[in-house]
Student: 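What follows is a structure written as structure tokens; I'll ask about it next.
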Amino acid sequence: MAKQPETKVKFSIFNKEFNEGMNEMNRDSAKLRKEFKLQEAQMKQNGTAAEQLEAKISYLGKEQDIVRKKISATEKQLDKAKQTIRK
């Protein structure tokens with residue numbers, strides 16, 4: 001029973017780092033989304049269909065990179081939690 005408070009403290013520290021990282025990635029994603037919406041609005045007026053499609057593909061690729069980072073961070077956090085619980 002004496003190990004439970006220690007485990008909670010360790011996990012809170014791990015969780016804080018994880019949450020900060022996720023918040024940063026969420027901010028990056030929101031910024032990317034805003035930039036794309038602005039670009040999309042501008043291209044509706046004077047962009048070709050090919051340029052619009054290229055912009056959308058670029059946006060989706062960048063969004064996919066952010067999601068990959070989130071998945072990686074979540075996997076690392078899960079591994080840390082498992083190690084903490086096993087101790």
Side-chain angles (χ1 to χ4, degrees):
M1 289 285 179
K3 285 192 170 187
Q4 285 183 348
E6 181 180 326
T7 302
K8 288 180 183 178
V9 170
K10 284 182 181 179
F11 188 72
S12 293
I13 291 169
F14 292 147
N15 202 29
K16 181 182 177 190
E17 293 170 0
F18 172 75
N19 287 339
E20 288 173 355
M22 290 303 259
N23 287 337
E24 182 179 337
M25 286 183 263
N26 287 337
R27 284 189 299 271
D28 290 346
S29 183
K31 180 181 175 186
L32 181 63
R33 201 168 23 259
K34 286 178 186 177
E35 289 173 355
F36 174 70
K37 288 199 182 273
L38 177 63
Q39 183 181 25
E40 188 177 42
Q42 290 172 344
M43 290 188 119
K44 279 184 183 179
Q45 296 173 355
N46 59 5
T48 65
E51 290 171 335
Q52 290 174 4
L53 184 58
E54 186 178 317
K56 181 117 184 174
I57 290 170
S58 175
Y59 162 72
L60 290 173
K62 290 175 184 176
E63 190 66 35
Q64 185 179 28
D65 289 341
I66 292 171
V67 171
R68 281 188 186 139
K69 289 178 186 177
K70 284 183 179 182
I71 291 170
S72 176
T74 303
E75 287 175 343
K76 288 178 186 177
Q77 182 65 13
L78 180 60
D79 288 341
K80 285 181 182 180
K82 285 178 182 178
Q83 290 173 359
T84 301
I85 291 171
R86 288 181 185 153
K87 288 183 180 179

Student: Kindly say whether M43 contributes a backbone atom to a donor-acceptor pair with the side chain of Q52 at under 3.5 angstrom?
Tutor: yes
Student: Roughly how far, to the nearest 0.5 Å, is CD of E51 from CG of N46?
Tutor: 8.0 Å
Student: With sequence neighbours excluded, tell me which residues meet side chain to side chain contact (heavy atoms under 4.5 Å, CB included) with S29.
Tutor: R33, E63, I66
Student: Look up atom OG in S58 and atom CD in Q39, then write down how far apart they are to the nearest 0.5 Å.
Tutor: 7.0 Å
Student: Could you work out the complete set of other residues in the hydrophobic cluster of L38, with links drawn between I, L, V, M, F, W and Y side chains under 4.5 Å apart?
Tutor: none
Student: Salt bridge (Lys or Arg N to Asp or Glu O under 4.0 Å) with D65: which of K69, K62, R68?
Tutor: R68
Student: What pair of heavy atoms forms the shortest contact from F36 to K56, and how long is it?
Tutor: CE1-CA, 3.6 Å
Student: Take E17 and K80 through the salt bridge (charged side-chain N to carboxylate O under 4.0 Å, His left out) test and state the conclusion after the steps.
Tutor: CA-CA 12 Å; E17 293 170 0; K80 285 181 182 180; 3.7 Å; yes
Student: Working to the nearest 0.5 angstrom, can you tell me the gap between L32 CG and K34 NZ?
Tutor: 12.0 Å
Student: Does atom CD of E54 have more than 12 heavy-atom neighbours, drawn from other residues, nucleotides or ligands, at distances under 6.0 Å?
Tutor: no
Student: Apart from V67 itself, which Ile, Leu, Val, Met, Phe, Trp or Tyr residues share its cluster (side-chain heavy atoms under 4.5 Å, direct or through members)?
Tutor: I71
Student: Can you tell me how far the CD atom of Q64 sits from the CD1 atom of I57, to the nearest 0.5 Å?
Tutor: 12.0 Å
